[in-house]
Amino acid sequence: MRLHSKLLLTAALGALLAGQAQAHGLWTEQRRGNIEVIYGHGAEDDAFKAEKVSGAWAYDAAGKMIPVTIQRLDDHARLQPLTPPASLAVALDNGAWSQTADKQWINKGRDQVKDAVASIHTWKYSLAIYREGAKLPTMERLRLVIVPQVDPLAVGPGKPLPVQVLMDGKPAAGIELFGDYRSDPHTVSATTDAQGKAKVLVRNAGLNVIAAQATVKSDKDPEAEEHGFFTSLTFVGEAHHE
């Protein structure tokens, strides 16, 4: 597999990534006391097939796993850990998508779409950190992951957060990071160095959604010529005080 040097909305990939196949991201938000899985782009919060959520993993402050149930609702999914987690990860398999000659995207592999002009299989991941001082386990279940190098809850708005981006457990160079994906999904905040490291400014006192995306060639996949990965890191920038 070959990693593209430009990984989100470049001129070469613009037409491909503009489709439903790759344009949307994934993160979680706490709403009405529930942890909701959000599938969207910036301010958009779209309905999606809940069965596409392929896994969820919750952890306590020591990094020990907590059982978590995926509640699959009609238009989205809700995560229900057995006890309040210190951190939580979720994965969504968006399946294979193929583009027809008339620029329509179909949620099927190229082996099922006659004369497909482009095809991609996408996966989307998110890591949320809820508790200050939380110990993070190895995130091998997330093929693309943004790992904070310090406790993000202790940094504070307006200050830089050092992170490392890993692809299949290895440092990923040249990855563009979007420091406020939820509010400003097109502005690149930083690009990772040879060690996959960068510093991203903490933008918000409330929820921060830092995002990255990668596309790799897939020579042996009969369904798709490319594999696309989206990942986000979420945390609250400043503790709420009554």
Side-chain angles (χ1 to χ4, degrees), residues 4 6-10 13-31 35-57 70 75-79 87-97 105 107 120-129 139 141-148 152 161 163 165-167 172 175-192 198 200-204 206-216 226-237:
H4 289 176
K6 295 294 184 180
L7 300 165
L8 180 64
L9 297 176
T10 61
L13 294 176
L16 175 64
L17 302 186
Q20 181 83 354
Q22 184 76 332
H24 283 56
L26 185 78
W27 66 96
T28 55
E29 292 191 20
Q30 296 199 37
R31 297 181 177 178
I35 300 175
E36 308 280 1
V37 179
I38 309 300
Y39 175 79
H41 180 75
E44 296 176 14
D45 179 357
D46 291 345
F48 64 93
K49 296 178 180 179
E51 61 266 25
K52 289 190 174 186
V53 176
S54 54
W57 307 272
I70 303 171
D75 57 359
H76 74 291
R78 180 177 292 161
L79 305 181
S87 62
L88 180 146
V90 62
L92 182 145
D93 183 346
N94 208 26
W97 291 77
W105 283 96
N107 198 181
I120 189 169
H121 189 138
T122 61
W123 292 265
K124 301 172 191 294
Y125 309 106
S126 186
L127 169 63
I129 300 176
M139 290 291 166
R141 293 178 176 87
L142 310 188
R143 290 194 60 189
L144 184 68
V145 61
I146 302 169
V147 182
L161 169 68
V163 301
V165 178
L166 302 177
M167 180 76 176
I175 300 285
E176 294 176 338
L177 289 158
F178 298 80
D180 195 6
Y181 183 81
R182 188 170 177 262
S183 299
D184 190 10
H186 301 299
T187 298
V188 176
S189 300
T191 302
T192 60
V200 181
L201 199 69
V202 176
R203 292 279 298 271
N204 305 309
L207 183 67
N208 289 274
V209 181
I210 299 172
Q213 193 158 325
T215 305
V216 299
E226 292 184 312
H227 287 174
F229 304 94
F230 174 96
T231 193
S232 66
L233 170 68
T234 71
F235 58 92
V236 173

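Every value quoted in this text rests on a predicted model; they were computed, and no experiment measured them.
Scanning for side-chain contact (heavy atoms from CB on, under 4.5 Å) contacts around A96 gives H121, E223, with sequence neighbours left out.
Using modelled atom types and a 3.5 Å distance limit, the side chains of K52 and N107 yield a donor-acceptor pair.
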Walk me through it: do I70 and L79 pass the test side chain to side chain contact (heavy atoms under 4.5 Å, CB included)? CA-CA 5 Å; I70 303 171; L79 305 181; 4.0 Å; yes
Applying side chain to side chain contact (heavy atoms under 4.5 Å, CB included) to V188 and F178, what does each step give before you reach the verdict? CA-CA 5 Å; V188 176; F178 298 80; 3.5 Å; yes
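The shortest side-chain heavy-atom distance between D180 and V209 does not fall under the 4.5 Å cut-off. Inter-residue side-chain proximity for F235 and I210 is flagged as met; some heavy-atom pair is nearer than 4.5 Å. Using a 4.5 Å heavy-atom cutoff, the side chains of T234 and S126 are in contact. Residues Q213 and F229 have side chains not in contact (no heavy-atom distance under 4.5 Å, counting atoms from C-beta outward). Between L26 and V37 there is a side-chain heavy-atom pair separated by less than 4.5 Å. Looking at D184 and R203, their side chains come closer than 4.5 Å, going by heavy atoms from C-beta outward. In this structure the side chain of M167 reaches within 4.5 angstrom of the side chain of V216, judged on heavy atoms. Looking at V147 and M139, their side chains never come closer than 4.5 Å, going by heavy atoms from C-beta outward.
Nearest heavy-atom pair, H41 versus H24, reported as atom, atom and distance to 0.1 Å: N-CD2, 4.2 Å. Closest of all the heavy-atom pairs between V90 and L142 is O-CD2, 4.1 Å. Between Y39 and F48, the closest heavy-atom pair is CB-CD2, 3.3 Å. Annotation for V200 and S189: closest pair CG1-CB, 4.1 Å, computed over non-hydrogen atoms. Closest of all the heavy-atom pairs between V236 and N208 is C-ND2, 4.2 Å. Nearest heavy-atom pair, P148 versus I129, reported as atom, atom and distance to 0.1 Å: CG-CD1, 3.6 Å.
Contact check on E51 versus K49 returns no salt bridge, with no Lys/Arg side-chain nitrogen under 4.0 Å from an Asp/Glu carboxylate oxygen.
T122 contributes atom OG1, which lies 3.5 Å from atom CG of N94 (distance to the nearest 0.5 angstrom). In this structure, L166 CG and T192 OG1 are separated by 10.0 Å, a value rounded to the nearest 0.5 Å. Atoms CZ and CG, on R31 and D45 in that order, are 4.5 Å from each other to the nearest 0.5 Å. Distance check: L127 CG to L144 CG gives 11.5 Å after rounding to the nearest 0.5 Å. Rounding to the nearest 0.5 Å places CZ of R182 at 8.5 Å from CG of N204. Considering CD1 of I175 and OG1 of T191, their distance stands at 9.0 Å, rounded to 0.5 Å.
Among W123, Y181, Y125, the one residue that satisfies the ring-ring contact (aromatic ring centres under 6.0 Å, His included) test with F230 is Y181.
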